[in-house]
Asks: 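Could you have a look at this structure, given as structure tokens, before my questions?
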Amino acid sequence: MPFYMIRGDITKLQVDAIVNAANNTLLGGGGVDGAIHRAAGPKLLEECRTLGGCETGQAKLTGGYNLPAKYVIHTVGPIWRGGNRGERELLVSCYRNSLELASKEGCKTLAFPLISAGVYGYPKDQAVQVAVETIQSFLLTHDVSVTLVLFDRDAATVSKSLFTDISSYIDAQFIKEHADQGPECVRREVAFYRDAVKGMPMSAGVPGSQKEALSHIDESFSQMLLRKIDAAGLTDAECYKKANIDRKLFSKIRNDPHYRPSKATALAFAIALELDLNETQELLRKAGFTLSHFQKLDIIVEYFILHGNYDIFQINQALFAFDQSLLGG
Ligand code: APR
């Protein structure tokens with residue numbers, strides 16, 4: 001199931017379980033711990049008193065009480081002491097043990113705060129990386145939808161160098177004029193695509209060999225997608241997980257040859273299939289879309305395709321950093 005990142009207050013989320021960044025006593029505190037106890041009400045503390053505390057890296061479950069979430073999973077993150085005292089391993093354990101506990105309890109939706117990234121001082125960008133990598137690897141073998149809730153504006157989801165590199169690329173490519181400002185914009189847009197796919201066999205707007213392309217000209221999006229999944233040697237599950245797409249949505253697409261996906265969904269599959277720019281355009285066109293330099297989201301995805309980086313979680317971290325909607329989900 002998909003992985004989401006949002007900015008917001010975890011106590012407001014209507015999910016099966018929210019995770020609390022607690023301390024070893026489990027008797028409440030500040031930060032998200034304080035917010036969760038305030039929102040849940042006194043019965044949460046009463047139950048926590050019966051748990052006998054919690055080791056760092058471990059996780060324990062209670063009811064959610066007045067929270068919209070059914071359960072609270074309390075985990076205790078490591079205090080940052082410079083990074084050479086096993087902090088990363090303990091933080092990985094927090095996420096993994098919380099995910100295992102949620103899965104054992106039958107939770108289908110789960111939300112995490114950025115554990116240890118507040119009072120406990122874990123550098124936020126490293127905390128995000130640990131969270132994304134640990135959640136991503138768990139989702140390869142489990143069907144649960146996970147949301148990482150970033151409360152602080154300064155919780156960077158990509159490194160400064162990558163942010164700067166993408167920003168320069170956007171500045172170079174983004175066409176600020178509005179699309180309907182006459183032929184000049186359209187000419188620049190067309191010129192862009194001729195440059196961007198330079199050297200790729202492109203005739204009459206049909207990529208690749210003319211004959212092969214024409215044989216698929218009547219294919220629907222769904223038919224092209226399934227053909228490309230087979231051609232890539234992927235199973236359906238491998239493809240929709242790489243696309244950060246929910247199994248149910250994939251089944252809808254598979255079973256309806258005329259299904260029209262959103263642009264974010266079509267792009268997510270292009271990334272999962274590791275298509276080049278030209279093939280991405282071809283797949284998007286089947287869904288009635290095109291990559292465009294009027295959209296920052298498109299330019300960011302294009303940046304990753306041109307750099308050969310098809311990790312949808314990294315792409316989503318970059319989209320999140322630029323306040324764009326995410327792919328898949
Ligand atoms: N929703 C989501 N995230 C939140 C919320 C909220 N309502 N409030 C705070 N956060 C974020 C913080 O901005 C930070 O990024 O949660 C992250 C974790 O910060 P802390 O709550 O300080 O937790 P942590 O760094 O793990 O320190 C735990 O702090 O609150 C005490 O009792 C807690 O002693 C324990 C220590």
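Counting starts at 1 for both ligands and their atoms, following the listed order.
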Asks: Would you confirm whether the ring centroid of W80 sits within less than 6.0 angstrom of the ring centroid of Y120?
Replies: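 So the answer is no for these two rings.
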Asks: Looking only at heavy atoms of G77, does any of them come nearer than 4.0 Å to an atom of ligand 1?
Replies: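 Heavy atoms of G77 never come under 4.0 Å of ligand 1.
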Asks: Does V119 reach ligand 1 with a nitrogen or oxygen that is under 3.5 Å from one of the ligand's nitrogen or oxygen atoms?
Replies: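 Yes, at least one N or O pair falls under 3.5 Å.
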Asks: Please find out if less than 6.0 Å separates the ring center of F163 from that of F322.
Replies: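 For F163 and F322, the ring centres are under 6.0 Å apart.
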Asks: Below 4.0 Å from ligand 1: does a non-hydrogen atom of G121 turn up there or not?
Replies: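 No heavy atom of G121 comes that close to ligand 1.
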Asks: So which heavy atom in the protein is nearest atom 21 (O) of ligand 1, and how far is it from that ligand atom?
Replies: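 Nearest neighbour among protein heavy atoms for atom 21 (O) of ligand 1, to 0.1 Å: V32 N, 2.8 Å.
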Asks: Numbering the atoms of ligand 1 from 1, which are under 4.0 Å from a heavy atom of G31?
Replies: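 Going through ligand 1 atom by atom, the ones under 4.0 Å from G31 are 21 (O), 30 (O).
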Asks: Out of all atoms in ligand 1, which are within 4.0 Å of some heavy atom of G8? Include the element for each.
Replies: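 Checking each atom against G8, I get 1 (N), 2 (C).
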Asks: Looking only at protein heavy atoms, which one is nearest to atom 7 (N) of ligand 1, and what is the separation?
Replies: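 Protein heavy atom with the smallest distance to atom 7 (N) of ligand 1: D9 OD1, 2.9 Å.
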Asks: Looking at I305 and L275, what are the two nearest heavy atoms and their distance?
Replies: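 Looking at all heavy atoms of both residues, the shortest contact is CG2-O, 3.7 Å.
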Asks: Students should be able to answer this: which protein heavy-atom is nearest to atom 18 (C) of ligand 1, and at what distance?
Replies: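 That would be L114 O, 3.2 Å.
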Asks: Non-hydrogen atoms of G34 versus ligand 1: any pair closer than 4.0 Å?
Replies: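 Flag not set, G34 not near ligand 1.
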Asks: Compare Y120, F112, F151 and give the one whose heavy atom is closest to atom 36 (C) of ligand 1.
Replies: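 Ranked by closest heavy atom to atom 36 (C) of ligand 1, first place is Y120.
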Asks: Can you spot which of I253, T265, D230 makes a side chain to side chain contact (heavy atoms under 4.5 Å, CB included) with L225?
Replies: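 Result for side chain to side chain contact (heavy atoms under 4.5 Å, CB included) with L225: I253.
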Asks: Look at atom 15 (O) of ligand 1 and say which protein heavy atom is nearest, naming residue and atom and giving the distance to 0.1 Å.
Replies: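 Checked against all protein heavy atoms, atom 15 (O) of ligand 1 sits closest to D152 OD2, 3.2 Å.
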Asks: For Q126, give me all partners under side chain to side chain donor-acceptor pair (under 3.5 Å), at least two apart in sequence or on another chain.
Replies: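 With sequence neighbours excluded, Q126 shows a side chain to side chain donor-acceptor pair (under 3.5 Å) to no residue whatsoever.
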Asks: Would you mind checking which non-hydrogen protein atom is closest to atom 33 (C) of ligand 1, with the distance to 0.1 Å?
Replies: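 The closest heavy atom on the protein side is D33 OD2, 3.6 Å.
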Asks: Please tell me if the side chains of L277 and E302 come closer than 4.5 Å, counting only heavy atoms from C-beta onward.
Replies: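 Answer yes - side chains close enough.
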Asks: Identify, for atom 31 (C) of ligand 1, the protein heavy atom at the shortest distance, and state residue, atom and that distance.
Replies: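 Checked against all protein heavy atoms, atom 31 (C) of ligand 1 sits closest to G30 N, 3.7 Å.
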Asks: Considering only protein heavy atoms, which is closest to atom 25 (O) of ligand 1, and at what distance to one decimal place?
Replies: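 That would be G118 N, 2.8 Å.
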Asks: To which protein heavy atom is atom 26 (O) of ligand 1 closest, and what is the distance rounded to 0.1 Å?
Replies: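 Protein heavy atom at minimum distance: S116 N, 2.9 Å.
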Asks: Does the side chain of E133 come under 3.5 Å of the side chain of Y95 through a donor N or O and an acceptor N or O?
Replies: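 No, because no side-chain N or O of E133 sits under 3.5 Å from a partner of the opposite role on Y95.
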Asks: Does K296 pair with D323 as a salt bridge, N-O distance under 4.0 Å?
Replies: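 Looking at D323 together with K296, the answer is no, because their closest N to O distance does not fall below 4.0 Å.
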Asks: Counting N and O atoms only, with roles assigned by atom type, does the side chain of S98 sit under 3.5 Å from a partner on the main chain of C94, one being a donor and the other an acceptor?
Replies: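 Checked: pair present.
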